[in-house]
Engineer: 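I have a structure here, written as structure tokens, and I will follow up with some questions on it.
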Amino acid sequence: MLLKRKESVDVEKYWKDYEASIGEKVLAKSLGQYLSGWTEYTQPLWGLIIATSGGFRFHHFPHEGWIMALSRATTGGEAPKEKTFYIPNDSINSAVIILEKRWWKKILTPSNPTVVIHCTINGKEREVIIEADRNAVSVVEALNSRNGQSLQSDDSGVG
């Protein structure tokens, strides 16, 4: 039995299509796990964190394992849905990245950078917290450059 080779994804085309769908230029992107700060989402979610010409986007793509799919098929439940949120540039007060600086902590308990976005949504202050990979530095740089700010980093370490 021959298996069909999975078609490769054209990454450049994907991002061009994504830009066309949102109507903004993608400046930087990273993988991250949303932790808190957006009241509509109460659980951690994995997704893309994206700095665009218009602001900040978090994009969680739906997925489910085969056990959940089988369970849903027998019980008639709903399939997982795409979850996104958007913070426009004029609502972002600051973006900070927290990096672990203590060498001994990096060795003993490796930690990912934490992105903290301070914003004002509907007149309320929010602090959106996302744990991300190392590419998140470019996302924070892009968010801060919109107002001529430089990279904001908390060098005190995490914890």
Side-chain angles (χ1 to χ4, degrees), residues 6-65 68-69 72 78-101 105-106 109-159:
K6 188 175 180 179
E7 290 184 36
S8 64
V9 175
D10 183 349
V11 176
E12 281 187 42
K13 182 179 179 337
Y14 172 82
W15 286 109
K16 283 183 186 203
D17 291 347
Y18 190 85
E19 288 176 338
S21 72
I22 63 172
E24 297 176 356
K25 176 97 175 112
V26 171
L27 305 175
K29 56 199 172 293
S30 181
L31 179 63
Q33 182 180 25
Y34 161 80
L35 298 176
S36 67
W38 201 259
T39 55
E40 292 81 1
Y41 304 131
T42 58
Q43 300 177 348
L45 296 169
W46 282 97
L48 293 173
I49 61 172
I50 307 164
T52 67
S53 56
F56 173 81
R57 294 179 180 275
F58 176 82
H59 197 131
H60 166 77
F61 296 92
H63 64 282
E64 66 182 348
M68 291 302 292
R72 186 176 51 77
E78 284 188 34
K81 292 185 174 27
E82 199 168 27
K83 296 178 182 172
T84 64
F85 65 83
Y86 175 68
I87 306 171
N89 278 335
D90 59 358
S91 296
I92 298 173
N93 303 324
S94 67
V96 179
I97 189 158
I98 302 169
L99 303 167
E100 180 58 67
K101 295 294 184 182
K105 251 194 157 183
K106 284 189 207 176
T109 57
S111 63
N112 293 319
T114 301
V115 174
V116 181
I117 300 172
H118 299 274
C119 58
T120 305
I121 306 291
N122 298 327
K124 293 186 180 185
E125 296 288 323
R126 290 193 189 186
E127 185 178 77
V128 176
I129 301 173
I130 299 169
E131 188 175 74
D133 68 14
R134 294 275 173 197
N135 293 330
V137 170
S138 63
V139 173
V140 172
E141 286 174 339
L143 291 173
N144 286 327
S145 69
R146 78 201 189 293
N147 290 331
Q149 300 170 342
S150 61
L151 173 67
Q152 293 185 26
S153 171
D154 180 347
D155 293 335
S156 62
V158 176

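This one's a predicted model, so the numbers in the text were calculated from it and none came from an experiment.
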Engineer: Indicate yes or no for a side-chain donor-acceptor contact from T52 to the backbone of G55 under 3.5 Å, with no hydrogens or angles considered.
Structural biologist: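 Yes; at least one donor-acceptor contact below 3.5 Å.
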
Engineer: Would you check if I87 and I121 make a side-chain contact, meaning some heavy-atom pair closer than 4.5 Å?
Structural biologist: yes

Engineer: Please report the interatomic distance CG(L45) to NZ(K83), rounded to the nearest 0.5 Å.
Structural biologist: 5.5 Å

Engineer: Once the angle between the rings of Y18 and W15 is folded into 0 to 90°, is it parallel (under 30°), tilted (30 to 60°) or perpendicular (over 60°)?
Structural biologist: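 Geometry flag for W15 against Y18: perpendicular rings.
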
Engineer: Would you say E131 and T114 are linked by a side-chain donor-acceptor pair, where the criterion is simply a distance under 3.5 Å?
Structural biologist: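 Not at all, the side chains of T114 and E131 share no donor-acceptor pair under 3.5 Å.
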
Engineer: Please examine the side chains of V139 and V115, heavy atoms only from C-beta on, and report whether any two atoms are closer than 4.5 Å.
Structural biologist: no

Engineer: Test side-chain contact (heavy atoms from CB on, under 4.5 Å) on L31 and N135; report intermediate values, then the result.
Structural biologist: CA-CA 8 Å; L31 179 63; N135 293 330; over 6 Å; no

Engineer: Is E125 atom CD crowded by more than 12 heavy atoms from other residues, nucleotides or ligands, each under 6.0 Å away?
Structural biologist: yes

Engineer: Let me confirm one number: the CG-CG distance from N112 to L99, rounded to the nearest 0.5 Å.
Structural biologist: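 With rounding to 0.5 Å, CG (N112) is 10.5 Å from CG (L99).
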
Engineer: Could you check whether H59 and F61 have their ring centres less than 6.0 Å apart?
Structural biologist: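 Here the rings of H59 and F61 have centres that are less than 6.0 Å from each other.
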
Engineer: Given side chains that start at C-beta, do those of I117 and R126 come closer than 4.5 Å, heavy atoms only?
Structural biologist: no

Engineer: Distance check, rounded to the nearest 0.5 Å: S94 atom OG versus N144 atom CG?
Structural biologist: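 Reported to 0.5 Å precision, the distance equals 7.5 Å.
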
Engineer: Check whether N89 reaches the backbone of S53 with its side chain - one donor and one acceptor, N or O, closer than 3.5 Å.
Structural biologist: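 Flag set: sc N89 to bb S53 pair under 3.5 Å.
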
Engineer: Centroid-to-centroid, Y34 to F85, below 6.0 Å?
Structural biologist: yes

Engineer: Kindly give the heavy-atom pair with the smallest separation between T42 and T39, and that separation in Å.
Structural biologist: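 Closest heavy-atom pair between T42 and T39: CG2-O, 4.3 Å.
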
Engineer: For a 4.5 angstrom cut-off between non-hydrogen side-chain atoms, does F58 reach V128?
Structural biologist: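 F58 does not reach V128 side chain to side chain.
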
Engineer: First locate atom CD of Q33, then atom CD1 of I49, and finally report the distance between them rounded to the nearest 0.5 Å.
Structural biologist: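 With rounding to 0.5 Å, CD (Q33) is 11.5 Å from CD1 (I49).
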
Engineer: Short question: side chain of Y41, backbone of T84 - any donor-acceptor pair under 3.5 Å?
Structural biologist: yes

Engineer: At what distance, to the nearest 0.5 angstrom, does OG of S138 lie from CD1 of I97?
Structural biologist: 8.5 Å

Engineer: Between the side chain of H118 and the main-chain N/O of E127, is any donor-acceptor distance below 3.5 Å?
Structural biologist: no

Engineer: Evaluate Y86 against E24 for side-chain contact (heavy atoms from CB on, under 4.5 Å), listing each step before the verdict.
Structural biologist: CA-CA 12 Å; Y86 175 68; E24 297 176 356; 2.7 Å; yes

